[in-house]
Structures are given as structure tokens and as C-alpha cells.
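A short worksheet on the structure shown next.
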There are 2 protein chains.
Amino acid sequence: MSSMNIPQSSLARVIIIGGGFGGIALAKKLANQDIQVVLLDKHNYHNFQPLLYQVSTGGLEPDSIAYPIRKVLQGYPNFYFRLAEVVEVIASEKKVMTNIGDIRYDYLVVATGSETNFFGNKNIENLGMAMKTIPQSLNLRSLILENFEQALLTDDLHERDALMNFVIVGGGPTGVELAGALAEIKKGILPKDYPDLDTRRAQINLVQGSGRILPAMSKIASEKAERFLEKLGVNVWKNIRVTDYDGNRVTTNTDTEFEAATLVWAAGVKAVTLKGLDAKELLARGNRLQVNEFNQVVGHSNIFAIGDVAQMQTESHPNGHPMMAQPAIQQGHNLGLNLIRLLENKPLRPFEYKDKGSMATVGRNKAVVDLKRFKFQGVFAWFVWMFVHLYFLIGFRNRVVVFINWVYNYIRFDREARLIIRPFKKNR
Amino acid sequence: MSSMNIPQSSLARVIIIGGGFGGIALAKKLANQDIQVVLLDKHNYHNFQPLLYQVSTGGLEPDSIAYPIRKVLQGYPNFYFRLAEVVEVIASEKKVMTNIGDIRYDYLVVATGSETNFFGNKNIENLGMAMKTIPQSLNLRSLILENFEQALLTDDLHERDALMNFVIVGGGPTGVELAGALAEIKKGILPKDYPDLDTRRAQINLVQGSGRILPAMSKIASEKAERFLEKLGVNVWKNIRVTDYDGNRVTTNTDTEFEAATLVWAAGVKAVTLKGLDAKELLARGNRLQVNEFNQVVGHSNIFAIGDVAQMQTESHPNGHPMMAQPAIQQGHNLGLNLIRLLENKPLRPFEYKDKGSMATVGRNKAVVDLKRFKFQGVFAWFVWMFVHLYFLIGFRNRVVVFINWVYNYIRFDREARLIIRPFKKNR
């Protein structure tokens, strides 16, 4: 199986590593071209990361935010998907080595995205929870529910409080959205589910290293989001950096400490590097691959990188574009057009980022939206947030199911996927 | 935590072990009574087993057929749910020992249901797949998809055929429904998802030990179901018993052998016994607890058993009632009324089973229904099957989401939950 059973043809072969927002956007652009496209991913599905926090908090079913990659590519001629983990890229031989065999490319596109960055803290990595994949989100969902079941059983008030104490590290959209959702669960669901437990003692702490939450958004968005969180009962801690965690005690760079059975680490991401493309001179901050305005990796005319894994230094974005869906999608589109131009011997067009704004939701009727010209917060922002997320979710069925869940959760103040399908603690 | 933090009160305490159809039906009947009810289950959700095969085949999301037990009991006074595994029942002390502590009862109800019965065959237990729980169904879903991904990669035709060969052992409703669903996937999805694989070579074999499939249903239902399956391309093997499996080769009591990477064992169930209530003289065939007409366990006036775990010998059902949802629900209802009568010092009323019929679905527009007076098959039966399953599914949101999925799958000939969220082979 040296070639993964992918036919050699006279067509140029583009290998895309990663079926996230960037990889899928690129693949779609290459449909119906005289190009052989091979998409490699270690999962057989595309995962809509912006809604993972709703899976963790029982608001959505995991399958609603996943979509089979093969279905995306259905009907495209010359397309091949392979479920594979890339072991190494050997650029000198134009070859990708994977766990299912090796394959040569004419053009390689790295779209591997990003993963949680624990900044080398092994304790936090081992004892804290991350929320970048569906299994991770399901583990967090299980842990939250298991903690409340356990809190019921102990007579030790200290232990009980720790089991109901949540420390979320990182005040970006993920941290803010998770904190808001947990606060709503505390208010709407816990008292009904656990009438024999004093769930008012549950604490949700959001810890942010810098002086404001949602630092990538406007000041007004940060302020409003903080006010929304406080209204929901979240304790927002600013200018505090979490330094360590022993499974119960959370230490910080200040005197503040927390005793919490759950620490969620949402304080940083780093690009997913590939062996063979991880030389120091290729990498920028957060392990991102340095690319030029055509998304070409420095020094490699036939290797490209898009999305979170790519850092394109521009005047407006000296540290690269934000690690979000939009830049990935737009770079995927542009690279698709460029690959077609390349094969037609036409000059490449530089990537231009169209900032469509950013947004975050805190809770029901509470969201913040920054557009280029307008910034708004509250109910309307919340509707915009929902509409945009439904729009970018892949798959008609997913959209309908997510919409139904949202309507149900809104009307009933409920989240019915509070299920421990696979216990987390037991498997730890 | 000797008492699981459940208050001692002057009320009589009923402990229900198991939140399946029987346990939930009973709990509902005891709401708003002067009875303390403690429901123990090792999962925090009720699981709608009749639809597990749709989870395995990507037609439904797992969370749609699960429902949080705490939500069922919300608002009932004097109700306590505990996530616990029962270790032993000590009848002489009216005590249940669990992994979270011990608790005394005035009345104990065993509603532990049933589990897969491999009849002692360790090879089949270790290498075959069962489908009685949600994690098991998700494992099967992953395995099916992983096998096709692997089939793509091999040049060994023998190996490839084995990866696409499914042997389902047991011609009851579970086996029939799973075989039908796989056949529809073969026809409608595989050719589109795997254009580079000759998926026509995929084989679905249903192996039944006796002379007809669906032996508990009418002859006409069996015959029609078999014809439906054959129309869908399923190979139905009758009067063959599978005797062993080595992970690839399936041997039988005849010359027939199969080479298959997937064997699903749906050929038998046995009651889930509890230590302390597993004395030989208590048990009937399949480890079921012998109960009298009031569901009282032989020799124990304050211990009851309902549903799959109970065998009530009656004239019409000398081997006990069928191990299905209906007898469990009806026994739960009757026992609820009887417990109330017991506490009012009124005489108990014997259980009378109202056979509401049985049904099985084979595929789109293809189902068989046996009612007392009418037996019918085909499109109308299929609609009845869907309606009944939606009706008995717990939870409004679940019903809506399942309904939406069915409509979508029907119109689009699709099943979008074909996701390998947690790979099965890797964890093996």
C-alpha cells in the first residue's frame, strides 16, 4: 500500500493535510478542476469548533457539530479522502509519510490547525481539561456531571465546594462562552436536578491574564461581556495568571488561589506542526509556519500553509491573522484560486484578509458583536451570533438540529444532553 | 457517606435498581405519594434500546435516544437519584451495598434489565460486537466506518472482502433491523462515499439458529421480513448456529463459514443478576428472577423484580413475558399501584399483561407489525412503527430531533452521523 491505493495520473496532485475550515474551503474551490486532490485527516469528520462549548455543557449533541468529510467531497471527481495521521513531510522528495503509507505530492497544503498550548506546564496538561476536540468536550461534559453527582455524596464541605468550583483559564471567546453557559446551568438546571444539594455554592471563575477579557475585540465588547458575565454570577478575575494545578488547588502569580476539581485551560493555542516542516527558521510565534502573501511556506515554492497553522505577516497583522475560522476559510479560497492559476502558468494573487468582524456569546440574549462599522451588544447581537453560527455550520441537517435545540433550550431554559455516556474519571 | 446522604424519614423507602423502561414507569407511578423513592443506576440516563441500531448505523445521534434520569424525576418530592453500581443485596438486613455506600430499604425493586448473552463463548465475547448500550453502539459505528477506510487501502482481495463482510448473529428484531439498515447504507451511501472502492462486494449476512427470523412474531411477519431483507440484498441464513469466531473466520455448526472483520452478536440476552439475589433456586432460564403474580421475588415479600430481569410464569406465558419494553412498563405501573396499596394495607392486584403486539422494521417503507387482531406489513406498518417509537421515546426534544433525522434520512437517502468520534480499533 505504498501509494494508499490512490491512482497515479497525469494530473497534478495536491495533498491537503487537515479537513478543518481552511482545508474544506480549499477542497471545495478545487472541485471540477483537472487536479487530483488528496485530503488527509486523522478524523473522518469536520468539526465546528466554535460550538464545542455547547457540547461540553449539554446544550448540543456532539454529532450536530460534526460533518463527515467524505460527504463534503461526494461527487467531486479526482478527489480522494484518506483517514491518516501524517508522520513526516520529506520536502526534498516531495513526499508525505503517514501511518497508512507514503504518498508523493506536486503541491502540499498544510492545514493542520491548532491545538491547546499548555506552555510546557505538565501538571495543567495532565490534570486540567482542554476543549479543542469533540472527545475532549465530551470528557468535560462527563466530568462536570460526575462532579455534581460526587458533591452530593460527601459531607466534607471543603471537598463539596471544590467539586462545584470551576476555574476557566483564559478570557478569550472560548473561556467567556463556557463560563456563561456554566452560569446558566447553575441557575436554571442545577437547582432542579439536585434539589438535595446547595448548588448556590457552585462557583464559576474566569481567570484572564491581561487587563480585559476578549482582548482581541473592542473595548466596549470587553466591558459589556464582563458585565454580562457578572450579571450571570461568574467571578471574573483579571490580571491574574494561573501558574499551577495539582488536581484540586489552582495557584496563580498572585495571592489568589482556588480549590477546584475542574480546571479548564482555554488560555492559549499553538499550531500543529509536522515533522520535516518544523525547522526553527520556518516557525513564528506559537509554532506557526511563516508564509508569504500567497500562503507559500518560506523557502518552499510548492508547500503552502493556511489557517491557524500559517502566519502571514502583513502591515495590518504583523503577528499574522487571528487564529479563527474566517482567515482559514478566506485563505483556503484564495489558495484554491492560486493553485488553479499556478497550473495555468498565471501569476499568483496575494491574499487579502477581509475582516468580517468578531463576536462572542455570553448567555441567552447576551452577546457582543464587533463589525467594522458597528459594534453592538445584547439581544440583537445574540441573534446575529446565532444566525452567523448556523450559517457557517456545515450541513443542512446539522443546522436544523442545532436550531431546534437552541429553540428548545431557549424556551425551556434547559439543556437535555447532560449525559455521562462515557464516564471520564473512571477512565483517567 | 454511609447513607449516600439520603435523609432518614418516617416514610417507607423504596429502592429501585435500574432506570430502564420498568424502573422509570414505576418511579412515575410513585410520584406525589408519601413514599421515599431512591433510584439507583450506573448511568445518569435512560436509554431507548429499540433505536440503538440506528445509532450504530449513523442514522441517529446517540444523545437523541438517551434522556437524563434526573430530568424524569424533576419536581417529584421525596425522590433521590444516585449514580451507583450495586455490589450486593443483603436481604436479611434489608440492605443494598453499592460502590458509593450502603443503604437500607423497606421495599426493593430489581429492574436491572438484561445484557448480551454470549452463552459462555469467550472468543465471540472478546472479538464480536454487542449492541445493548450506547457506548457499544458507538463502538460498532466506529468499527464499521474504520473497516471501510481500511478496505480502501489493502490490495489483498480476501482481506478487503472480509473488511466489507458483516455477520449478524440472531434473527430477532435487533438483528433484522441492523441488517436492513446496513443494507441500505450499502446501497445508498457507500457508492457515494467510497467511489474508489467496489462496495458492491460488501456482504450483509444475517444468521439465525432456528427455521425463521423474528420467531416471536407471526409466520407472515417472519416471511415478509425475510422477503424485505432479501430485496435489500441481505443474505439470510436459517437453521445455522454460529459456533466460533477468531476475529476473521466465523465457524458454524454446518459447513458454512464466513470471513468477516465484523461479527455482531444479537443472538441472546440474559438478565442482569445481583450478588445476594443470585441463588440458584431464585433463578429461571436466562438468569431471570422468578416472581409471583405481584412481581414479588420468590421467598422475599419485600423484594420485587420487573421487566427483563423478572420471570413471571403464567398460563399464557409459561416462560415469562417477552423481554421487551411493554411488559417492563406495564409491570412498573402495576407494581407502583401495588406498593401504594401495600402501604395502605390493601390487598395486592395480580399483574395482567396486555399484549399490545410487536413490530420490527427492515428498511424504508418496510416494516412488519403484529397486533392482536391485525397483522400488516409494508409502508403502513413502517409508519406505525415510527409513530410508536416516537411515542415511547422519552422527551419532547428527543422526539423532535429523531423525527427531523428520520425525515431528512428518508428524503435524502442519507445518514449523516457516520462519524468516527472515538476510534474503536485503536482502543482495542
Side-chain angles (χ1 to χ4, degrees), chain A residues 1 4-7 42-45 58 60-64 66-68 70-71 73-75 77 79-84 100-101 134-135 138 145-146 149-150 152-155 189 192-197 395-398 400-401 404-405 408-409 412 414 416-423, chain B residues 1 4-7 42-45 58 60-64 66-68 70-71 73-75 77 79-84 100-101 134-135 138 145-146 149-150 152-155 189 192-197 395-398 400-401 404-405 408-409 412 414 416-423:
Chain A
M1 40 176 206
M4 303 181 183
N5 275 346
I6 293 168
K42 59 183 172 181
H43 299 296
N44 80 334
Y45 56 87
L60 290 177
E61 313 186 37
D63 297 5
S64 304
Y67 194 81
R70 288 196 175 279
K71 168 108 186 158
L73 309 180
Q74 258 184 18
F79 265 69
Y80 297 88
F81 172 74
R82 288 295 180 271
L83 190 68
I100 60 164
I134 291 181
L138 289 171
L145 296 164
E146 286 171 85
E149 295 296 336
Q150 212 183 319
L152 262 180
L153 301 176
T154 178
D155 292 320
I189 292 172
K192 284 190 235 159
D193 261 13
Y194 300 91
D196 39 343
L197 186 68
F396 177 75
R397 189 202 69 97
N398 280 353
V400 174
V401 172
I404 298 272
N405 274 290
Y408 182 85
N409 296 349
R412 303 287 294 263
D414 210 342
E416 283 191 358
R418 44 187 191 277
L419 312 164
I420 308 172
I421 300 281
R422 303 201 199 233
Chain B
M1 40 177 207
M4 302 181 185
N5 275 345
I6 293 168
K42 58 183 170 180
H43 299 295
N44 80 334
Y45 57 87
L60 289 177
E61 313 187 37
D63 297 5
S64 303
Y67 195 80
R70 288 197 175 279
K71 168 110 185 155
L73 310 181
Q74 258 183 18
F79 265 69
Y80 297 87
F81 172 74
R82 288 296 180 270
L83 190 67
I100 61 165
I134 290 182
L138 289 172
L145 295 164
E146 286 171 85
E149 295 295 336
Q150 212 183 320
L152 261 179
L153 301 177
T154 180
D155 292 320
I189 291 171
K192 285 190 232 159
D193 262 12
Y194 299 90
D196 39 341
L197 187 68
F396 177 74
R397 188 202 70 97
N398 281 353
V400 175
V401 171
I404 297 272
N405 274 291
Y408 182 85
N409 296 349
R412 302 288 294 263
D414 210 342
E416 283 191 358
R418 46 188 191 277
L419 312 164
I420 308 172
I421 300 281
R422 303 201 199 232

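In what follows, chains carry the letters A, B, and so on, assigned in the order in which the sequence lines appear, proteins first and then strands, with residues in each chain numbered from 1.
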### Query
Got a donor-acceptor contact below 3.5 angstrom from the B/Asp196 side chain to the A/Ile6 backbone?
no

### Message
At a 4.5 Å cut-off on heavy atoms, which part of B/Leu73 comes close to chain A: side chain, backbone, both, or neither?
### Response
neither

### Salt bridge B/Lys71-A/Asp414, side-chain N to carboxylate O under 4.0 Å
yes

### Task
Measure B/Phe79 against the heavy atoms of chain A and call it side chain, backbone, both or neither at under 4.5 Å.
neither

### Message
For B/Pro135, which atoms come within 4.5 Å of any heavy atom of chain A: side chain, backbone, both, or neither?
### Response
both

### Task
Calculate, to the nearest 0.5 Å, the distance between atoms CD1 and CG belonging to A/Ile421 and B/Asp63 respectively.
5.5 Å

### Task
Search all heavy atoms of A/Val401 against all heavy atoms of B/Asn405 and return the closest pair with its distance.
CG2-ND2, 4.2 Å

## Note on the structure
Under 4.5 Å to a heavy atom of chain A? For B/Leu419 that would be both

### Task
Please look at A/Pro62 and chain B and tell me whether the side chain, the backbone, both or neither of the residue comes under 4.5 angstrom of a heavy atom of that chain.
both

### Task
Calculate, to the nearest 0.5 Å, the distance between atoms CG and CG belonging to B/Asn44 and A/Leu145 respectively.
6.0 Å

### Query
Does any heavy atom of chain A fall under 4.5 Å from the side chain of B/Glu61, the backbone, both, or neither of them?
both

### Query
To the nearest 0.5 Å, how far apart are CG in A/Leu152 and CE in B/Met4?
11.5 Å

### Message
To the closest 0.5 Å, what do you measure between NZ (A/Lys42) and CD1 (B/Ile420)?
### Response
14.0 Å

### Task
Could you tell me which portion of A/Asp193 (side chain, backbone, both or neither) has an atom closer than 4.5 angstrom to a non-hydrogen atom of chain B?
both

### Query
B/Arg418 versus chain A, heavy atoms under 4.5 Å apart: side chain, backbone, both or neither?
both

#### Entry: Residues in ring-ring contact (aromatic ring centres under 6.0 Å, His included) contact with B/Tyr45, at least two apart in sequence or another chain
B/His43

#### Entry: Selection from A/Glu149, A/Lys192, A/Arg397 maximising heavy-atom pairs under 4.5 Å formed with chain B
A/Arg397

### Task
Could you check which of B/Pro423, B/Pro195, B/Ala417, B/Pro68 has the highest count of heavy-atom pairs closer than 4.5 Å to chain A?
B/Pro68

### Results of ring-ring contact (aromatic ring centres under 6.0 Å, His included) for A/Tyr408 - residues two or more places apart only
none

### Task
May I ask you to name which of B/Gly58, B/Ser64, B/Ala84, B/Gly75 has the most heavy-atom pairs under 4.5 Å with chain A?
B/Ser64

### Toward chain B, the part of A/Glu416 with a non-hydrogen atom under 4.5 Å
both

